[in-house]
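Working notes, beginning with the structure itself.
In this chain, numbering begins with 1 at the start of the sequence shown.
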Amino acid sequence: MSSTSRTPDGAAEGDAMDRRVTVTADGDVVLEEVARVRPAAGEARVRTLLTGICGSDVHARRGEHPFISRPYHPGHEAVGVVAETGPGVTSVAEGDRVLLEPNLVCGTCRHCRSGRYNICGELRVIGCQTAGAMADGFTVRADRLHRVPDRLTDVQAVLVEPLATPVHAVRRAGDLTGGGVLVLGAGPIGLLTALAARAAGARTVIVTDPVAAKRDRAVRLGADVALAPGTPGLPELVRERLGGGADVVFDCVAVSASITQAVRSVEKGGTVMVVGVPQGPSNVPLDLVQDREIAVRGSLMYVGEDMRAAMTLLGTGVVPADEFVTATFPLDRAAEAFRAAGGPDQMKVLVSVG
């Protein structure tokens, strides 16, 4: 690596350059060259191997994400190899294969001190509010990196971050042992939620999605039944199948129609977990929430515990990577990858760098 040094504004100087994907203010996906940044104290530079395109990226490119503003530099699902470490770094070393935990937090507020740093008031996400890993490499605080176990392939490793979100939601939902679960939405997060719920002991898992191919995939992955959300009498069908309302409904769609369906389908005293990212306010049938003592809870991202649990699930084969990764594009075809990721026939689209 040629010598570069950090300037006061955090950029770099020298002749080493990296390619980096940018989603422009107009929503175009372009590849630009930026100066390489060497790691400062407590940081590591990672050579990217694979990055995933999240549903949040698809919405953000269209200007539809409530918390990501264009232009931005994507890449919050990433696996790579440590290329260089800054002074004082002992948690990772050059040559380590690592994955990114992208939440940046203050570390001092009451939420951070209690271990719930995913709801830190200063939360920023690498690849959403700061430059991401969809590049030749990236420099990051070393404590945001997890070593990848040897038993995981690169493709499995890049699924750890998206799986950690469902793992966190399932953990927040409480004990699912022997319970009946309804998952609304059979995109990657919905299907990963169904698998995480089953792994947590759910007896019956029902999934809904308007796309027949996604419903078929849900059944292949172990859902007991998959239904179209517009099926007449859906809440009654769910109750018939489960012998009552769902103990927990995971809303991975998060629009007014889905939250209404969730509330109507959950058992009295049950829980609705909002996992999807709403694009704006939604109408909630509060009459039923109050009358049936339904708990409506939000679930945001994850913490390190969830990342480690996701690695374990992937390592035991609970999540078949080949069912989720449906396309891979090289970095110089990132624009094509984004277009594909927005299509109904895709699940998880990856961008390969290494």
Side-chain angles (χ1 to χ4, degrees), residues 55 59 165-166 169-170 172-299 323-324 344-347:
H59 292 304
T165 291
V170 166
R172 277 184 54 74
D175 187 8
L176 297 183
T177 304
V181 165
L182 173 63
V183 179
L184 306 182
I189 294 299
L191 292 182
L192 289 170
T193 298
L195 289 171
R198 182 75 82 187
R203 178 191 77 254
T204 306
V205 177
I206 299 174
V207 175
T208 70
D209 198 274
V211 179
K214 292 183 178 181
R215 296 196 299 271
D216 292 343
R217 181 178 276 111
V219 173
R220 285 202 306 274
L221 288 171
D224 294 279
V225 64
L227 303 168
T231 302
L234 180 63
E236 290 72 26
L237 287 174
V238 169
R239 290 175 181 277
E240 179 182 342
R241 183 76 187 209
L242 297 178
D247 296 295
V248 180
V249 179
F250 294 93
D251 184 356
C252 301
V253 181
V255 296
S256 290
S258 65
I259 195 68
T260 296
Q261 186 178 93
V263 170
R264 292 187 180 279
S265 301
V266 75
E267 184 57 89
K268 288 185 176 183
T271 300
V272 173
M273 295 295 304
V274 181
V275 185
V277 179
Q279 295 182 25
S282 296
N283 296 318
V284 180
L286 288 177
D287 55 336
L288 298 181
V289 170
Q290 182 273 329
D291 184 65
R292 299 177 182 178
E293 288 199 349
I294 295 168
V296 179
R297 309 185 71 186
S299 184
E323 280 282 3
F324 284 88
D345 57 336
Q346 298 289 350
M347 288 295 289

- Note: E323-R220 ion pair, threshold 4.0 Å (strictly below): yes
- Item | Donor-acceptor under 3.5 Å (Q261 side chain, P229 main chain) | yes
- Show the numbers, then the answer: is there a side chain to side chain contact (heavy atoms under 4.5 Å, CB included) between F250 and I189? CA-CA 10 Å; F250 294 93; I189 294 299; over 6 Å; no
- Donor-acceptor under 3.5 Å (T231 side chain, A228 main chain): yes
- Closest approach of S282 and A254, non-hydrogen atoms and distance? OG-O, 4.2 Å
- Task: Would you check if the side chain of R215 reaches a backbone N or O of L227 as a donor-acceptor pair within less than 3.5 Å?
- Result: no
- Query: Looking only at heavy atoms, what is the nearest atom pair of V275 and A169, with distance?
  - Reply: CG2-CB, 3.8 Å
- Message: Using every non-hydrogen atom in the two residues, find where T193 and C252 come nearest and quote the distance to one decimal.
- Response: OG1-SG, 3.8 Å
- Note on the structure: Correct closest heavy-atom pair for L191 and A218 would be CD2-CB, 3.5 Å
- Message: Is it the case that atom CG in N283 sees more than 12 heavy atoms from other parts of the structure closer than 6.0 Å?
- Response: no
- Item | Side chain R203, main chain G178, donor-acceptor under 3.5 Å | yes
- In terms of heavy-atom contacts, A186 and V207 come closest through CB-CG1, 3.8 Å
- Looking at A197 and V170, what are the two nearest heavy atoms and their distance? N-CG2, 3.8 Å
- For R239, does the CZ atom have more than 12 heavy-atom neighbours from other residues, nucleotides or ligands under 6.0 Å away? yes
- Output yes when a side-chain donor or acceptor of D224 lies under 3.5 Å from a complementary backbone atom of I206, and no otherwise. no
- Message: Would the distance check show the side chain of S258 and the main-chain N or O of V255 forming a donor-acceptor pair, the cut-off being under 3.5 Å?
- Response: yes
- Message: For the backbone of R172 and the side chain of R297, can you confirm whether one donor and one acceptor N or O come within less than 3.5 Å of each other?
- Response: yes
